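Small disclaimer: the values here were computed from a predicted structure and weren't measured.
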Amino acid sequence: MGGPTSNGFRRKIANPERRMLGQQQVDWIAGEMRGSVAAGRPWVLLGSATVMADYAYPDMSRWAPASGALKGFFALTKLDLPLLNLDAWSGYAAERQRVYDAIRASGARTVVLSGDSHMAFVNELHDEQGRVAVELSTSTLTGPSLGVVLAMKDAPFGERVAERNRDIVWCDHLAIGFVAVHVTREAVEASFVSVTDPRVVGSPTPVQRRVRAVAEAKGVGAWTQL
């Protein structure tokens with residue numbers, strides 16, 4: 001009897017029976033989007049508890065520690081799999097596509113606001129037809145970043161994630177802070193604010209990155225850095 005394989009793993013997480021929301025909530029999202037467009041509202045801001053962008057981990061095995069619990073994790077990054085984000089939308093690809101289908105059917109200009117990855121992201125969400133929506137994902141404020149948890153302070157993890165995955169425009173695996181979002185009829189702008197030390201009152205809060213996406217006739221434009 002054979003053991004588990006990476007292809008079998010991919011088939012399992014692609015199973016259309018895997019549900020994060022369930023059909024009732026997907027139908028509700030679709031209805032809200034149609035109603036928003038019918039009311040003439042320029043944007044839909046879709047809150048997601050986890051990152052919606054599709055991304056697999058890049059090969060980081062060359063940065064693996066010589067020993068310890070993390071050595072095995074770094075070795076697994078050779079497999080080009082979602083790994084730690086299976087409870088995010090990369091673990092529910094079929095249902096994510098149902099949400100994307102609802103966005104396309106409604107014509108809603110959609111910005112997904114997400115988090116819970118302990119990293120900061122600027123994302124553009126795609127399916128086989130192209131860009132569906134855009135996403136802003138904030139990092140942690142009170143807990144450690146993923147880069148600290150995985151002892152990757154000196155490894156270019158965020159840069160490699162962005163290079164490896166079409167949906168990822170920018171990723172900071174060491175980010176601690178929040179995102180300030182400014183919305184007008186014409187555009188959505190976001191400022192990624194870094195909190196130097198959340199434990200210290202008055203800690204410096206420099207803006208790490210600013211991006212902008214404009215409203216287009218049939219959707220949302222690509223992110224541009226400001």
Side-chain angles (χ1 to χ4, degrees), residues 4-22 25-26 46-61 63-64 69-100 103 110-127 131-153 155-179 192 223:
T5 66
S6 59
N7 287 336
F9 182 87
R10 291 186 180 91
R11 286 194 298 271
K12 191 173 184 66
I13 63 175
N15 185 342
E17 296 305 313
R18 285 178 59 82
R19 299 279 187 164
M20 179 183 285
L21 301 178
Q25 289 194 79
V26 172
L46 176 59
S48 175
T50 60
V51 176
M52 189 165 280
D54 186 47
Y55 70 98
Y57 279 55
D59 182 359
M60 298 292 290
S61 56
W63 283 278
L70 291 178
K71 183 178 180 180
F73 169 80
F74 277 79
L76 285 175
T77 63
K78 292 181 178 181
L79 299 178
D80 192 32
L81 294 171
L83 297 179
L84 297 182
N85 51 319
L86 288 176
D87 61 343
W89 283 97
S90 288
Y92 300 86
E95 187 160 77
R96 177 175 56 196
Q97 186 59 53
R98 296 183 188 108
V99 175
Y100 288 176
I103 294 173
T110 303
V111 182
V112 178
L113 304 175
S114 66
D116 196 37
S117 70
H118 290 249
M119 297 186 282
F121 285 97
V122 174
N123 300 329
E124 295 176 0
L125 310 181
H126 298 83
D127 63 8
R131 187 168 60 245
V132 182
V134 296
E135 179 176 33
L136 299 165
S137 188
T138 188
S139 184
T140 181
L141 184 59
T142 59
S145 67
L146 187 67
V148 169
V149 171
L150 296 180
M152 292 189 297
K153 287 185 177 181
F157 181 75
E159 181 181 341
R160 295 291 186 268
V161 169
E163 291 173 351
R164 164 64 185 80
N165 297 280
R166 177 175 66 162
D167 278 6
I168 312 302
V169 176
W170 172 76
C171 171
D172 183 358
H173 64 294
L174 297 173
I176 298 288
F178 60 93
V179 183
F192 285 78
W223 288 115

J.: Rounded to the nearest 0.5 Å, what separates atom CZ in R96 from atom OG in S48?
T.: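 Atom-to-atom, R96:CZ and S48:OG are 10.5 Å apart.
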J.: For the pair R18 (side chain) and G91 (backbone), establish whether a donor and an acceptor sit closer than 3.5 Å, ignoring hydrogens and angles.
T.: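 Present.
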J.: Could you measure the distance from the OG1 atom of T50 to the CE atom of M52? Nearest 0.5 Å is fine.
T.: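 With rounding to 0.5 Å, OG1 (T50) is 7.0 Å from CE (M52).
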J.: Are the side chain of D167 and the backbone of D54 linked by a donor-acceptor contact shorter than 3.5 Å?
T.: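 Side chain of D167 to backbone of D54, a donor-acceptor pair under 3.5 Å: yes, one is there.
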J.: Please step through side chain to side chain contact (heavy atoms under 4.5 Å, CB included) for the pair N7 and R10, ending with a clear verdict.
T.: CA-CA 5 Å; N7 287 336; R10 291 186 180 91; 3.4 Å; yes
J.: W223 side chain to N123 main-chain N or O, any donor-acceptor pair under 3.5 Å?
T.: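 Yes, W223 side chain to N123 backbone: donor-acceptor pair under 3.5 Å.
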J.: Which word best sums up how the rings of W170 and F192 line up, parallel for under 30°, tilted for 30 to 60°, or perpendicular for over 60°?
T.: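 Because their plane-to-plane angle is over 60°, the rings of W170 and F192 count as perpendicular.
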J.: Nearest heavy-atom pair of V51 and S117: which atoms, and what distance?
T.: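 Shortest heavy-atom separation between V51 and S117 comes out as CG2-CB, 3.8 Å.
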J.: According to side-chain hydrogen bond (donor to acceptor under 3.5 Å, both in side chains), does anything in residues 137-152 pair up with another residue at least two apart or in another chain? List the pairs.
T.: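 Applying side-chain hydrogen bond (donor to acceptor under 3.5 Å, both in side chains) to every pair that reaches into residues 137-152, excluding sequence neighbours, yields S114-S137.
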J.: For the atom pair CG (L86) and CD1 (I13), what is the distance rounded to the nearest 0.5 Å?
T.: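 So the CG of L86 and the CD1 of I13 are separated by 5.5 Å.
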J.: Say you draw a straight line from CE of M60 to CG of L83; how long is it, rounded to the nearest 0.5 Å?
T.: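 Reported value, rounded in 0.5 Å steps: 12.0 Å.
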J.: Is a donor on one side and an acceptor on the other found under 3.5 Å between the side chain of N15 and the backbone of E17?
T.: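 Judged by distance alone, yes, a pair lies under 3.5 Å.
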J.: Q97: which residues meet the side-chain hydrogen bond (donor to acceptor under 3.5 Å, both in side chains) condition with it, sequence neighbours left out?
T.: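 Here the qualifying residues are D101, D127.
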J.: Rounded to the nearest 0.5 Å, what separates atom OG in S90 from atom CG in N165?
T.: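 Nearest 0.5 Å value for the OG-CG distance: 8.0 Å.
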J.: Is there a side chain to side chain contact (heavy atoms under 4.5 Å, CB included) between L146 and L84? Walk through the geometry before answering.
T.: CA-CA 10 Å; L146 187 67; L84 297 182; 4.1 Å; yes
J.: Tell me every residue that passes side-chain hydrogen bond (donor to acceptor under 3.5 Å, both in side chains) with R160, counting only those two or more places apart in sequence or in another chain.
T.: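 Expected list: none.
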J.: State, to 0.1 Å, how close M152 and F157 come at their nearest heavy-atom pair, and which atoms those are.
T.: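 The pair with the smallest heavy-atom distance is CE-CG, 3.5 Å.
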J.: Any side-chain heavy atom of L46 within less than 4.5 Å of one from V99?
T.: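 Yes; the side chains approach each other to less than 4.5 Å.
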J.: Can you name the side-chain hydrogen bond (donor to acceptor under 3.5 Å, both in side chains) partners of R19, sequence neighbours left out?
T.: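 In terms of side-chain hydrogen bond (donor to acceptor under 3.5 Å, both in side chains), with neighbours along the sequence ignored, R19 is linked to Q23, E95.
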J.: Report the relative orientation of the aromatic rings in Y55 and F121; use parallel for angles under 30°, tilted for 30 to 60°, perpendicular for over 60°.
T.: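 Tilted, since the angle between the ring planes falls between 30° and 60°.
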J.: Search all heavy atoms of R164 against all heavy atoms of P58 and return the closest pair with its distance.
T.: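 Scanning both residues, the minimum pair turns out to be CB-CB, 4.2 Å.
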J.: To the nearest 0.5 angstrom, please state how far the CD1 atom of I168 sits from the CD atom of E135.
T.: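 Answer for the CD1-CD pair, I168 versus E135, is 7.5 Å.
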J.: Taking V148's backbone N and O only, do any of them form a donor-acceptor pair with H118's side chain (distance below 3.5 Å, no angle check)?
T.: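 No, H118 side chain to V148 backbone: no donor-acceptor pair under 3.5 Å.
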J.: List for me each residue that meets ring-ring contact (aromatic ring centres under 6.0 Å, His included) alongside W63, sequence neighbours excluded, and say none if there are none.
T.: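 With sequence neighbours excluded, W63 shows a ring-ring contact (aromatic ring centres under 6.0 Å, His included) to no residue whatsoever.
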J.: Are any of the side-chain heavy atoms of L70 and L150 separated by less than 4.5 Å?
T.: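 L70 vs L150: side chains touch.
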J.: Keeping T77 on the side-chain end and Y57 on the backbone end, is there a donor-acceptor pair under 3.5 Å?
T.: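 Between the backbone of Y57 and the side chain of T77 there is no qualifying donor-acceptor contact (under 3.5 Å).
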J.: Just to verify, what does Y92 make a ring-ring contact (aromatic ring centres under 6.0 Å, His included) with, not counting sequence neighbours?
T.: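 If we apply the ring-ring contact (aromatic ring centres under 6.0 Å, His included) test to Y92, skipping adjacent residues, there are no hits.
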J.: Grab the two heavy atoms, one from D87 and one from M20, that are nearest each other, plus how far apart they are.
T.: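 Smallest heavy-atom distance, with atoms named: O-CE, 3.3 Å.
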